[in-house]
Amino acid sequence: MFEARHSQKKIIHIDMDCFYAAVEMRDNPEWRNVPIAVGGNGPRSVLCTCNYKAREFGVRSAMPNARAKALCPELIIVNGRMSVYQQVSQDIRAIFLRYTDLIEPLSLDEAYLDVTDSPLFYGSATLIAEQIRRDIYQELNLTASAGIAPNKFLAKIASDENKPNGQCVVSPDRVNAFVADLPLKKIPGIGPKTSEKLKAFGFESCADVRASSVAKLHTIVGKFANTLYQRSFGIDDRALETKRLRKSLAIETTMSEDIDSYEQCQAILISLFSKLKLRLAKHDDRQISKQTVKIKFADFQQTTVDIQSKACLEEVFIALLQKAMTRANNRKIRLIGLSLGFSEQQSNDKQSQLALF
Ligand code: TTP
Ligand code: MG
């Protein structure tokens, strides 16, 4: 029992309300009380999103402009300003970082935060979420909604419950009740087609799925059966994917006293190298493209030497150090740094998805 409590996670899913449209309303007061949408203006354009006023008319994201105009003739369709949304997204990220660095961004306006080990607000994820939303409102003049739950799946669904400008907590004792009546189409991974197919077999809610079996579900949704069965009980073991696609990995040290002997420099390089190797283990999915040695001289001038390389090799760093030291001109050395460059390989689907925004 203690074990189970101990391993209980606290996940917050934050999602901005009608994000692009909200930024436009903020920056253009004349649009605040009228239905607006953000989209292109070509005849075949579709809307990116629309404000809640427009949603009252049935206007939705991804709807063709013409259809939206038919539903809501007074709808104002404005051009998007991606660079502004990207900047706001960075500002939101900076607010998240005040509360945790365990952040998994899903798109410009959405992220998971893991606050399981946060000591803030006596460890209350509910209060942390409230404060994050308050910060966003006070500093950026935008509203966000939040879901607070023991896992990503539940937190994401919960953030939609009290939109806009609301939050919903699914505490561990509420998981069962929350999930039982959940329509299957709300489960990420179940699109309209799969939802129709499941319905045809009599599956509409999580309760229907629970009463069945993985084997039966497999005949309908294939490989997704296992996940679907777990979700119907509110189970989701996925950890946050916080790894950013970094361009390089670097480590350096400033000496307490400047040094000038090659032997001393090499000894420092060797100790840095073993630390770099350790850190590299966490990035084993990346392809190395370059090794670099940097040295800073006593007069604060620095020099770098690099070489194309597909591995992290000590002897290569040593050779680079030797070359860098030929530029010393009798100056002592105050800092040595090693770094690895990575090639631009996309590590998973998430990254390519992010690139679409
Ligand atoms: P969403 O969070 O899906 O939508 P939203 O923030 O506009 O509205 P909600 O209050 O329901 O969360 O998407 C975030 C932004 O991504 C949205 O403002 C515009 C963009 N987007 C598109 O460009 N095309 C799309 O089809 C969708 C769904 C979103
Ligand atoms: Mg949103």
Side-chain angles (χ1 to χ4, degrees), residues 1-15 55 58 60-63 102 104-107 110-116 125-126 129 145-163 166-242 348-354 356:
M1 189 61 197
F2 176 73
E3 268 289 304
R5 267 171 176 270
H6 193 66
S7 62
Q8 196 75 66
K9 286 210 201 102
K10 295 178 196 169
I11 308 294
I12 300 173
H13 177 254
I14 303 261
D15 189 307
R55 292 184 198 192
R60 294 286 180 270
S61 294
M63 189 176 265
L102 293 176
E104 178 182 339
L106 295 173
S107 67
E110 209 185 327
Y112 291 115
L113 279 62
D114 185 334
V115 295
T116 310
T126 307
S145 296
I148 301 101
N151 61 47
K152 296 206 287 192
F153 159 63
L154 293 167
K156 183 161 168 85
I157 291 174
S159 71
D160 223 29
E161 286 289 294
N162 295 321
K163 246 183 188 300
Q167 66 183 49
C168 167
V169 185
V170 184
S171 52
D173 55 313
R174 274 191 62 212
V175 169
N176 246 327
F178 183 79
V179 157
D181 297 331
L182 198 68
L184 297 180
K185 58 174 185 283
K186 287 214 175 186
I187 297 179
I190 300 199
K193 271 194 187 156
T194 315
S195 154
E196 280 308 309
K197 202 169 167 194
L198 283 160
K199 197 171 165 188
F201 284 88
F203 295 98
E204 286 193 65
S205 72
C206 284
D208 301 331
V209 171
R210 288 184 196 186
S212 184
S213 67
V214 175
K216 166 78 182 161
L217 291 166
H218 198 270
T219 62
I220 308 167
V221 297
K223 278 192 294 191
F224 191 60
N226 208 15
T227 306
L228 177 56
Y229 193 68
Q230 287 193 6
R231 300 291 182 268
S232 77
F233 288 91
I235 297 169
D236 175 9
D237 297 327
R238 289 172 304 158
L240 263 66
E241 291 177 31
T242 54
N348 56 27
D349 289 341
K350 167 81 40 54
Q351 291 297 338
S352 37
Q353 211 181 338
L354 273 181
L356 290 176

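This chain uses plain numbering: 1 for the first residue, then up along the sequence.
Counting heavy atoms from C-beta on, the side chains of F203 and L217 come closer than 4.5 Å. At least one side-chain heavy atom of P150 sits less than 4.5 Å from a side-chain heavy atom of V175. Taking 4.5 Å as the limit, some side-chain heavy atom of F153 sits within range of a side-chain heavy atom of I187.
Atom CD1 of I11 is separated from atom CG of N151 by 7.5 Å, given to the nearest 0.5 angstrom. Here Y229 contributes atom OH and I235 contributes atom CD1; the two are 9.0 Å apart, rounded to the nearest 0.5 Å. Residue L184 holds its CG atom at 7.0 Å from CG of D208, rounded to the nearest 0.5 Å. Between L228 atom CG and S212 atom OG the span is 9.0 Å, to the nearest 0.5 Å. Distance check: L102 CG to T116 OG1 gives 8.0 Å after rounding to the nearest 0.5 Å. Note: S145 OG to E161 CD = 11.0 Å, rounded to the nearest 0.5 Å.
Residues passing the side-chain contact (heavy atoms from CB on, under 4.5 Å) test with A129, sequence neighbours excluded: I12, A146, I148, Q167. Applying the side-chain contact (heavy atoms from CB on, under 4.5 Å) rule to S61 yields the partners T49; only residues at least two apart in sequence or on another chain are considered.
Checked by atom type and distance alone, the side chain of K197 pairs as donor or acceptor with a backbone atom of I220 at under 3.5 Å. Judged by distance alone, with hydrogens and angles left aside, the side-chain atoms of D160 form no donor-acceptor pair with the main-chain N or O of I157 at under 3.5 Å. With D15 contributing its side chain and S159 its backbone, the two residues share no donor-acceptor pair below 3.5 Å.
The nearest pair of heavy atoms linking A158 to V170 is CB-CG2, 3.9 Å. Closest non-hydrogen pair, Y112 versus L106, comes out as CE1-CD1, 3.4 Å. Closest non-hydrogen pair, V115 versus A125, comes out as CG2-CB, 3.7 Å. Listed here is the closest heavy atom pair of C168 and N162: CB-ND2, 3.5 Å. Closest non-hydrogen pair, A239 versus K9, comes out as CA-NZ, 4.4 Å. Contact record, A155 with A149: N-CB, 3.5 Å, taken as the closest heavy-atom pair.
A donor atom on one side chain and an acceptor atom on the other are found under 3.5 Å apart for N176 and R210.
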### Message
Run the side-chain contact (heavy atoms from CB on, under 4.5 Å) test on L198 and V221 for me, step by step, so that the C-alpha distance in whole Å, both residues' side-chain angles and the decisive distance to 0.1 Å come before the verdict.
### Response
CA-CA 8 Å; L198 283 160; V221 297; 3.9 Å; yes
### Message
Test salt bridge (charged side-chain N to carboxylate O under 4.0 Å, His left out) on K185 and E196; report intermediate values, then the result.
### Response
CA-CA 9 Å; K185 58 174 185 283; E196 280 308 309; over 6 Å; no
### Message
Working note: F224 + H218, criterion side-chain contact (heavy atoms from CB on, under 4.5 Å); need CA distance, chi angles, decisive distance, verdict.
### Response
CA-CA 7 Å; F224 191 60; H218 198 270; over 6 Å; no
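Partner of E104 under the salt bridge (Lys or Arg N to Asp or Glu O under 4.0 Å) criterion, chosen from K156, R238, K152: K152.
Applying the 6.0 Å contact sphere to CG of D181 captures no more than 12 heavy atoms from other residues, nucleotides or ligands.
Salt bridge present: R231 and D236 bring a charged side-chain N and a carboxylate O closer than 4.0 Å.
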